[in-house]
Every structure is written in C-alpha cells, then in structure tokens.
Amino acid sequence: QVQLEESGGGLVQTGDSLRLSCAASGRTFSSYSMAWFRQAPGREREFVAGIIWSGTLTYYADSVKGRFTISRDNAKNTVALQMNSLKSEDTAVYSCAAYSGAYSRSPGDYAYWGQGTQVTVSS
C-alpha cells in the first residue's frame with residue numbers, strides 16, 4: 001500500500017513557475033508508476049503527466065508538453081512536477097497517483113491517490 005501527500009501548490013501569475021511535490025510512504029514506492037492528474041471546477045479529472053517506476057519513461061498531456069516536467073527520486077520516495085509558463089487554464093487541484101502497471105493515462109487504473117493541492121494561476 002502507498003500513501004501519498006502533495007505539497008507546493010499556491011497562487012501564482014500567468015507565466016510564473018511552480019514546483020509540486022508528492023511524498024510517498026511505503027517501501028514499495030519504486031515499483032509503482034506515478035502520475036499527476038488535475039481537476040478544475042466543473043470539469044472531469046484529467047491526466048497531466050506520468051513516469052514509469054524506473055523514471056526512464058515520461059509522458060505528458062498535449063496541453064502541458066514542453067512546459068511541465070515530471071521526475072521522481074526513488075531513494076527519497078518522491079515525485080515532482082515542475083510547471084513553467086503557467087496559464088490560467090492550468091488552474092486546478094493537482095493530485096499525484098500511483099499505479100502498479102507500467103503506463104496509463106486513465107485515472108481508473110490508479111489505485112492510490114493523494115488529497116490534492118490547489119494551483120491557481122491569476123491573469
């Protein structure tokens with residue numbers, strides 16, 4: 001089992017950067033693929049970025065490709081999301097999630113979730 005806790009959200013302006021972190025508990029963290037999802041008010045949860053267990057493969061939603069970078073440190077049981085050139089449409093609650101498989105953009109495949117952290121981008 002994996003417990004996840006996000007941090008790093010906040011209020012920023014258009015064009016700013018923000019770095020989200022997700023701390024995981026459990027000795028099996030390195031065996032899980034991880035991802036960030038986000039959910040804006042009135043909208044469905046959407047995939048943002050994913051990284052496989054080894055960190056050797058990352059993948060992104062088209063809307064964030066080139067602006068966001070996902071990374072992980074298995075020694076520290078953490079996964080991060082570096083967000084640059086933020087836009088107002090990036091405003092959402094961001095959650096990290098863990099998946100026992102290799103690669104998925106579907107929230108339904110992820111068994112473990114953090115509580116989320118709010119990111120608000122003001123124009």
Side-chain angles (χ1 to χ4, degrees):
Q1 189 167 355
V2 178
Q3 292 183 324
L4 305 171
E5 183 173 4
E6 303 91 341
S7 61
L11 173 63
V12 297
Q13 294 187 335
T14 301
D16 284 352
S17 297
L18 203 60
R19 184 177 179 86
L20 305 183
S21 293
C22 175
S25 63
R27 292 176 291 178
T28 59
F29 171 76
S30 61
S31 66
Y32 287 89
S33 294
M34 301 295 297
W36 288 92
F37 290 82
R38 67 187 182 186
Q39 187 168 21
R43 301 188 64 177
E44 293 188 354
R45 179 177 284 169
E46 64 172 348
F47 169 82
V48 176
I51 185 167
I52 66 170
W53 66 273
S54 63
T56 56
L57 174 67
T58 60
Y59 48 106
Y60 299 90
D62 288 344
S63 59
V64 307
K65 198 173 297 182
R67 299 188 297 122
F68 290 12
T69 302
I70 188 172
S71 60
R72 68 187 296 162
D73 185 336
N74 286 342
K76 296 182 179 180
N77 281 14
T78 58
V79 61
L81 184 69
Q82 177 66 41
M83 305 186 294
N84 299 329
S85 303
L86 283 162
K87 305 175 181 180
S88 57
E89 52 262 44
D90 295 319
T91 295
V93 174
Y94 285 71
S95 300
C96 63
Y99 170 46
S100 59
Y103 174 103
S104 176
R105 296 172 182 259
S106 174
D109 287 333
Y110 288 77
Y112 303 105
W113 292 82
Q115 82 288 349
T117 186
Q118 177 71 47
V119 172
T120 302
V121 184
S122 172
S123 56

Chemist: Which of parallel (below 30°), tilted (30 to 60°) and perpendicular (above 60°) describes F37 and F47?
Modeler: perpendicular

Chemist: Decide yes or no on side chain to side chain donor-acceptor pair (under 3.5 Å) for T56 and S54, but give the supporting numbers first.
Modeler: CA-CA 5 Å; T56 56; S54 63; 2.6 Å; yes

Chemist: Using the side chain to side chain contact (heavy atoms under 4.5 Å, CB included) rule, take E6 and S95 through it: C-alpha gap first, then chi angles, then the decisive distance, then the call.
Modeler: CA-CA 7 Å; E6 303 91 341; S95 300; 3.6 Å; yes

Chemist: Could you tell me whether the side chain of Q118 reaches within less than 4.5 Å of the side chain of L11, counting heavy atoms only?
Modeler: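 Of all side-chain heavy-atom pairs linking Q118 with L11, none is under 4.5 Å.
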
Chemist: Do you know the tightest heavy-atom contact between S17 and S85?
Modeler: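 Looks like OG-N, 4.3 Å.
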
Chemist: May I ask you to decide if G9's main-chain N or O and T117's side chain share a donor-acceptor pair within less than 3.5 Å?
Modeler: yes

Chemist: Taking C-beta and beyond as the side chain, do R19 and S71 meet within less than 4.5 Å on heavy atoms?
Modeler: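 The answer is yes, as the side chains (C-beta and beyond) meet within the 4.5 Å cut-off.
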
Chemist: Looking only at non-hydrogen atoms, find the nearest pair between P107 and R45 and report the distance.
Modeler: CB-CD, 4.2 Å

Chemist: Distance check, rounded to the nearest 0.5 Å: S33 atom OG versus I52 atom CD1?
Modeler: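 Here the rounded value is 6.0 Å.
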
Chemist: Which heavy atom of Y59 sits nearest a heavy atom of A102, and at what distance?
Modeler: OH-O, 4.5 Å

Chemist: Answer yes or no: is there a donor N or O on one side and an acceptor on the other, between the side chain of Q82 and the main chain of T69, under 3.5 Å?
Modeler: no

Chemist: Does the distance from a Lys or Arg side-chain N to an Asp or Glu carboxylate O, for K65 and D62, drop under 4.0 Å?
Modeler: yes

Chemist: Among E89, E44, E46, exactly one meets salt bridge (Lys or Arg N to Asp or Glu O under 4.0 Å) together with R38. Which residue is that?
Modeler: E46

Chemist: Decide yes or no for S21 and T78: does some side-chain heavy atom of the first lie under 4.5 Å from some side-chain heavy atom of the second?
Modeler: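 Answer no - side chains too far apart.
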
Chemist: Give the other cluster members for V79, using side-chain heavy-atom distances under 4.5 Å between Ile, Leu, Val, Met, Phe, Trp and Tyr residues; answer none if it is isolated.
Modeler: V2, L4, V12, L18, L20, F29, Y32, M34, W36, V48, I51, Y60, V64, F68, I70, L81, M83, L86, Y94, Y112, V119, V121

Chemist: Ignoring hydrogens and geometry, is there a side-chain-to-backbone donor-acceptor pair from N74 to W53 under 3.5 Å?
Modeler: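 Answer holds: yes.
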
Chemist: Is there a donor-acceptor contact under 3.5 Å from the side chain of R72 to the main chain of G55?
Modeler: no

Chemist: At their closest point, which heavy atom of S104 faces which heavy atom of D109, and how far apart are they?
Modeler: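 Shortest heavy-atom contact: OG-OD2, 2.6 Å.
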
Chemist: With hydrophobic residues grouped by side-chain heavy-atom distances under 4.5 Å, do W113 and Y99 end up in a single group?
Modeler: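 Yes, it is one cluster - the side chains of W113 and Y99 are joined through contacts under 4.5 Å.
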
